[in-house]
There are 4 protein chains.
Amino acid sequence: MSAQYFTGDQEFFTGIGAIRFEGPRSDNPLAFKFYDPAKKIAGKTMKEHLRFAIAYWHSFCADGADPFGRASHDFPWNHANPMTAAHLKAQAAFEFFTKIGAPYYCFHDADVAPEGDNVDEYQKNYWEIARIFRTLQDKTGVKLLWNTANLFSHPRYMNGAATNPDFNVVARAALQIQTCLDVNVFLGGEGYTFWGGREGYMSLWNTDMKREAAHMGTFLRMARDYGRRIGFSGAYYIEPKPMEPSKHQYDYDAATSIGFIKEQGLEKDFRLNIENNHATLAGHTFAHELQVASDAGLLGSVDANQGDAQNGWDTDEFPCDVYQTVEAMMVILRSGGFTTGGLNFDAKRRRNSTDMEDLFIAHILGFDTFALGLTLADRIISDGVVDDLLAKRYSSFDSGSGADFEKGKLTLEQLAGIGKTAPQTKTSGKQEYIQSLVNQYLFG
Amino acid sequence: MSAQYFTGDQEFFTGIGAIRFEGPRSDNPLAFKFYDPAKKIAGKTMKEHLRFAIAYWHSFCADGADPFGRASHDFPWNHANPMTAAHLKAQAAFEFFTKIGAPYYCFHDADVAPEGDNVDEYQKNYWEIARIFRTLQDKTGVKLLWNTANLFSHPRYMNGAATNPDFNVVARAALQIQTCLDVNVFLGGEGYTFWGGREGYMSLWNTDMKREAAHMGTFLRMARDYGRRIGFSGAYYIEPKPMEPSKHQYDYDAATSIGFIKEQGLEKDFRLNIENNHATLAGHTFAHELQVASDAGLLGSVDANQGDAQNGWDTDEFPCDVYQTVEAMMVILRSGGFTTGGLNFDAKRRRNSTDMEDLFIAHILGFDTFALGLTLADRIISDGVVDDLLAKRYSSFDSGSGADFEKGKLTLEQLAGIGKTAPQTKTSGKQEYIQSLVNQYLFG
Amino acid sequence: MSAQYFTGDQEFFTGIGAIRFEGPRSDNPLAFKFYDPAKKIAGKTMKEHLRFAIAYWHSFCADGADPFGRASHDFPWNHANPMTAAHLKAQAAFEFFTKIGAPYYCFHDADVAPEGDNVDEYQKNYWEIARIFRTLQDKTGVKLLWNTANLFSHPRYMNGAATNPDFNVVARAALQIQTCLDVNVFLGGEGYTFWGGREGYMSLWNTDMKREAAHMGTFLRMARDYGRRIGFSGAYYIEPKPMEPSKHQYDYDAATSIGFIKEQGLEKDFRLNIENNHATLAGHTFAHELQVASDAGLLGSVDANQGDAQNGWDTDEFPCDVYQTVEAMMVILRSGGFTTGGLNFDAKRRRNSTDMEDLFIAHILGFDTFALGLTLADRIISDGVVDDLLAKRYSSFDSGSGADFEKGKLTLEQLAGIGKTAPQTKTSGKQEYIQSLVNQYLFG
Amino acid sequence: MSAQYFTGDQEFFTGIGAIRFEGPRSDNPLAFKFYDPAKKIAGKTMKEHLRFAIAYWHSFCADGADPFGRASHDFPWNHANPMTAAHLKAQAAFEFFTKIGAPYYCFHDADVAPEGDNVDEYQKNYWEIARIFRTLQDKTGVKLLWNTANLFSHPRYMNGAATNPDFNVVARAALQIQTCLDVNVFLGGEGYTFWGGREGYMSLWNTDMKREAAHMGTFLRMARDYGRRIGFSGAYYIEPKPMEPSKHQYDYDAATSIGFIKEQGLEKDFRLNIENNHATLAGHTFAHELQVASDAGLLGSVDANQGDAQNGWDTDEFPCDVYQTVEAMMVILRSGGFTTGGLNFDAKRRRNSTDMEDLFIAHILGFDTFALGLTLADRIISDGVVDDLLAKRYSSFDSGSGADFEKGKLTLEQLAGIGKTAPQTKTSGKQEYIQSLVNQYLFG
Ligand SMILES: [Co+2]
Ligand SMILES: [Co+2]
Ligand SMILES: [Co+2]
Ligand SMILES: [Co+2]
Ligand SMILES: [Co+2]
Ligand SMILES: [Co+2]
Ligand SMILES: [Co+2]
Ligand SMILES: [Co+2]
């Protein structure tokens, strides 16, 4: 990232310039310690590997409010009228993108422009900002990783959007999706995300899950076809989350979502957008969800954040645990790295992180934590010790009867026949040894 | 259940005869209060609906030991030599089946006969008991709901069975499966279950999930084909469980298992065996897992137990929460009831329930709790109020554009066009109203 | 409850009169099925036992918003200016109290009047409504169970109130507490509650727990002394909650709060207000928390609601699980029943329960569920079977050496000497038998 | 640790010598990478700071069995008769202690000698091994950190030990405690631990918690007095754990146990032994539990292990997460370090870590992870940046009215008077900044 950054008529984050790499000993809170964008790792720069994106909602809309308290964060545009605020926010956002050095951004329709009182206003407002975005993209080189439709905040969606029991609401959701896809193509988005905040149920007693799931499949196929017709060539993403706001959400986790994608014939076009905090809410590790997606050939993009192991809701914290980012980057590197996807910081500074600089510091934390993850994962992969252990562990399937088994050439009788005399060796999993190795890579 | 029961040379549960229905006011701990086997509900007797099965392992093998304590339950056969004990256990088991009035039983190979020191002994012991079982089945009319192979207790399976990184162990597992299927056919089993206690991982760092999943699929197809070749015409079951003993298990929950079944081309032959305690460990309700299975046409059988909402391991308690059995029986009745499956009490009396009569009392609790579930679910379905609410809730998809949408006849543009002017009504989900209704059915 | 109810100039809940008891077969959604206020149980009416209170915040302020969506509930006063709205809300609230037949209500300062732009406005607004409340209390006979200060919604409290690291904020909190206590005395409140939504931490890294806990103790002693000086003779309550909104909250659970109360010398004046949903978030059952409080002589009042076993946040649902209310009422009856406390419905209808009648139906559900709990708990206690089992179980401590032990008259050597020869009997805990009994009481 | 180590007649861990420090680049699995015992940190050696202890049960008794599988670990003494095995185990244990370089060890009575068929055999066997231990202690310099009585494995304790409803069982427990204290004094133990595996309940329905808690208090006072009489001058420890094996355990967490200790008048003699895995099972972080204990002046010793955030039972893994050990060592260093206590590895190698060297590797992992924790915590404390942030955050209480408040010199009116005009500043908690700093200390 060069020291250049964008400002419009007004600079919003005054006193803060472009964030630079100063190395691990820097005591400047407003510098990267580990993220050196131009540094090459395994043939690509850190920036090319990590493809960081800024989440419009958390960074420029979320005001620190939570279920027990109102806004704690002030934004300079808070007291302007809605459309003026939307313009100011867009300027501030691109100032932030270029100062922090993020190549991408992501947004919901509802983040960027007021929904207005009717469909026409919704579209008019949205397009007005979309045109601003295109201008700012051209000026700055920042690109759209993905956008999405907010089908969960408005009370009309309280019973779901595509899975709403009322057809009229389903139809209204389609209108939003259509508009969002139109805007996506206009902005050259590399992906488009579905997150079904209310696609699920509050109570099974009043829910026909089977019918709702069928509606969701039909709806997504319609959306896919429309997007392809208007020239969208990127990836569609489904973002799994097990619960919250609904009691149960249909896109529970990666495995559930993959099953749905295949059942509905969507696997050519859809990929998963895996969020760390959603993984842990579903009882999985981040790495597990990434691996499940990768194994199915459906790993698309990542919502880079972190949950709290003691809290049972979506805390959406900035990632700071390097173990987690190392494990995540292992999967991402092994799967060949991102194509259309990237690392979107679906993360919010804490309610009590009220200094404007905290928005930068929190992202610096996130960038650095993933830069460490990338650097260390690459070191582990390059050294080959872990991969050699893995290869050796499964080597009995590389030749002979093991290979025949793997190819499906044996009957159960044949396999059992082998089992009758095959030596039964206890082979240590060496878990603690590998954990020691990992700490050597991290702290050695 | 008639008052007749089986005893062999020796009566094991002396002082306890056949358990009879005495009605809700009975103060006899050894009588059914709600389970009246011959009572007709919706055209079938309770016994025909519920198809209760006794789990050999918990009832005749589990000795109250837990990770912090050794056996607390004494059995008369405990001090006999292993094969004598196996014979005595078989006699005791059929005495219990007929006294409690269960039409079915279930077992692992390792429950019923000593594994011996080698394959030949394993098979010899197993077949000796299998022949006893067939005789006892003929004498008593008790039938085999399903059997299964214990591929998790022996240390050879510490890294998995079908998913073991060592091909030799996979082959050894095949031998066990082959034997179990042979025995199943000999005993006329109505189903055969796979529960993969070690099919999963302890650490992702030393695991190739993709290769292991492929092995599992291959293995199951081989087992399926073998079973069909030898005349097994029943249902194969996969029993989901998210974790324990492994850190993560591949058959995590119903949705994950269904995805696997379909991916592996097993959906014609395999169904799910849903366990309540495994549902809650996976973050779902019992009813949810049953509904997911039913919606996929893959609901096969049920492991009838209950977990503890405050404890994070598989407590396998006898079911006593009538809300849960009502919800479960709603799904089961709506899906047409069991065909090959039934309600298998995969449940153990508590470590400190050390009276021999506690084994009966615990099963009486389970039978009665499901009998209440059946009775009340039938009442709710028969009254039709809840079903009418559901039908009305989705009625906008029964005709007109809603029906067109459901049939996939609309494009996104057409749907969005409808959404542009469609009235957006907030329709209450009436959750508290339905909860009030349910309490009226239960306590009114 | 007579059929009379209060309305002011305007009736807010038109079409709904006073809710009456119609019995378990009624199909009127707007009638009690199990709560018969005048019915006598163990010498007191249901109404006297249960002492229901309505929570002002959930019933008249909460608008269905959640972290992912804005208001879904409309109130007639929503579009009035803040003080007018406050007046209308007060009228509506008392109309609701009298129609539903609740003898008590509870509120936060922030629920009832706008906080204004400064301290003077805060106090002026608050007192204006307090005077209205006193008039309405006099007219209707409805009484104040407790009020409390909202020290968590305003961003000034984002780092805590009494435990804020900034002394100025602590002082500001004191002003609110002083005002709330003044209002309490004016309204004849029977209790006063402290719920420390932000008294805890977001991160241990920036927190001095010891100093914060000491501040909290000092603060509460000051508040206690002030209240006593101005004539408050009721109970002070602490309401435990483990987390949310803070990552960790100091009043984690009953045991933690009791430890704190005693450490700080508050045990003469303070009692616990136990909430079911907070119990389960802390890993306990509702009954456990009530019993812990009761055993310490510190059971004061109850926030009557219910959580979701699959969701990890405070869902504050209306109670519908009769097992839970039976267990709760067992503890409450055994402890002698409420004195100053009662059952406050700290519960909100679901976001999608948008019909105005749902507010009534949800409370009817709650009233009925606790009425069932009371009726069935009383039946269990009156029958004496469970109490006899308990008495017998501990009878070895009623006389002889067991009694000496209990009185502390033995040395370890003496006790060990007894142990050397004392017979070691395994005595069954009879858990499944008791669970069977409970189902007989509930469904027999 | 010198390269010298103890072996008896037989060397058990052949091929493995004393484990030495080889530094972070070593590729020798059997060397320390970060634990350099003689290295000085803040005036003490690593060895003096960390006071590592080996848990006899996990290292020399636990055989890899779990609720779903039997032993996977072989020990050379497994097939000897029980007392011979006990002797061999003792020799092997001291060989291990000296090879790994642990200055301390810990044990239960049941770990070290067979319980025998009666009290006399129990005591005879136990004392025979105790005498061996004293000889081996003298030879090697290894010392006893603490011992404890196993009051949970034998079925007699299935309903509890000190809290058993049957007085005879309580008395039997006393005999075990007396013997364990006698042995402790004989071996010069620095502490004595109570872990109440069955002190809790399986069901509240058959439990009188209040009476049981009183029994526990009486019992502990008797044990304390006995120990003091026979010359035990070390610390008594209570080890909190929330559940497992019981459904609920009375020593739920640090706060609960502290409340109990004070209520029962035990605070002069008792301290807490905090286990990481028990902390997380109770919904807390390790650091939280340590801080709570430290703030009460009751931090005694530590069971050094780690749980699994996705598994809800006591997995007792070797610690490998350096974040957790840094946080733990921050509390321990700030509280002045251990006096009688130490870091006891209450941790077991995984069931599938079946190589004998895995026992060493697992401990090396644990030693290194805590050595990193110590080194990095010391660096953070020495640099002072974090402490300065903390000091500044609370500085408003260091003088003026804030200090008066802290001293309890203000009335609520006075405090409220200050609050009326005190400026209300939003001060950022700087959480993300501190998290960034921590990553710099760890990875910079
Ligand atoms: Co996300
Ligand atoms: Co999230
Ligand atoms: Co099962
Ligand atoms: Co289970
Ligand atoms: Co509450
Ligand atoms: Co709550
Ligand atoms: Co421990
Ligand atoms: Co533990």
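Residue numbers begin at 1 in each chain, while the letters A, B, ... track the order of the sequences.
By number of non-hydrogen pairs under 4.5 angstrom with chain B, the leading residue of Thr354(C), Leu365(C), Ile361(C) is Leu365(C). When Pro24(C), Ser428(C), Cys320(C) are compared by the number of non-hydrogen pairs under 4.5 Å with chain B, Ser428(C) comes out ahead. Heavy-atom pairs under 4.5 Å with chain B were tallied for Leu442(C), Thr369(C), Asp321(C); the largest tally goes to Asp321(C). Most heavy-atom pairs under 4.5 Å with chain C, from the set Gly23(B), Gly366(B), Ser26(B): that is Ser26(B). The choice from Gly283(C), Gly444(C), Pro29(C), Ala309(C) that makes the most heavy-atom pairs within less than 4.5 Å of chain B is Gly444(C). Contact count against chain B (heavy-atom pairs under 4.5 Å) is highest for Val322(C) among Thr285(C), Val322(C), Ile364(C), Leu372(C).
Heavy atoms closer than 4.5 Å to chain C are found in the side chain of Lys33(B), but not in its backbone. Neither the backbone nor the side chain of Asp368(C) comes within contact range of chain B; no heavy atom of the residue lies under 4.5 Å from a heavy atom of that chain. Looking at His288(C), neither its backbone nor its side chain comes within 4.5 Å of chain B, counting heavy atoms on both sides. Proximity to chain C is absent for every atom of Leu437(B), based on heavy atoms less than 4.5 angstrom apart.
Lys348(B) contributes atom NZ, which lies 11.5 Å from atom CD of Glu432(C) (distance to the nearest 0.5 angstrom). With rounding to the nearest 0.5 Å, the separation of CD in Gln435(C) from CZ in Arg350(B) is 8.5 Å. Between Phe34(C) atom CZ and Asn439(B) atom CG the span is 6.5 Å, to the nearest 0.5 Å.
Under a cut-off of 6.0 angstrom, the local environment of CG in Asp388(C) is crowded, with over 12 non-hydrogen atoms contributed by other residues, nucleotides or ligands.
Residues Gln431(C) and Asp358(B) fail the side-chain proximity criterion, which asks for heavy atoms closer than 4.5 Å. His73(C) places none of its side-chain heavy atoms less than 4.5 Å from the side chain of Lys426(B).
In this pair, Phe443(C) and Phe443(B) present their aromatic rings parallel. The plane angle is below 30°, not in the 30 to 60° band.
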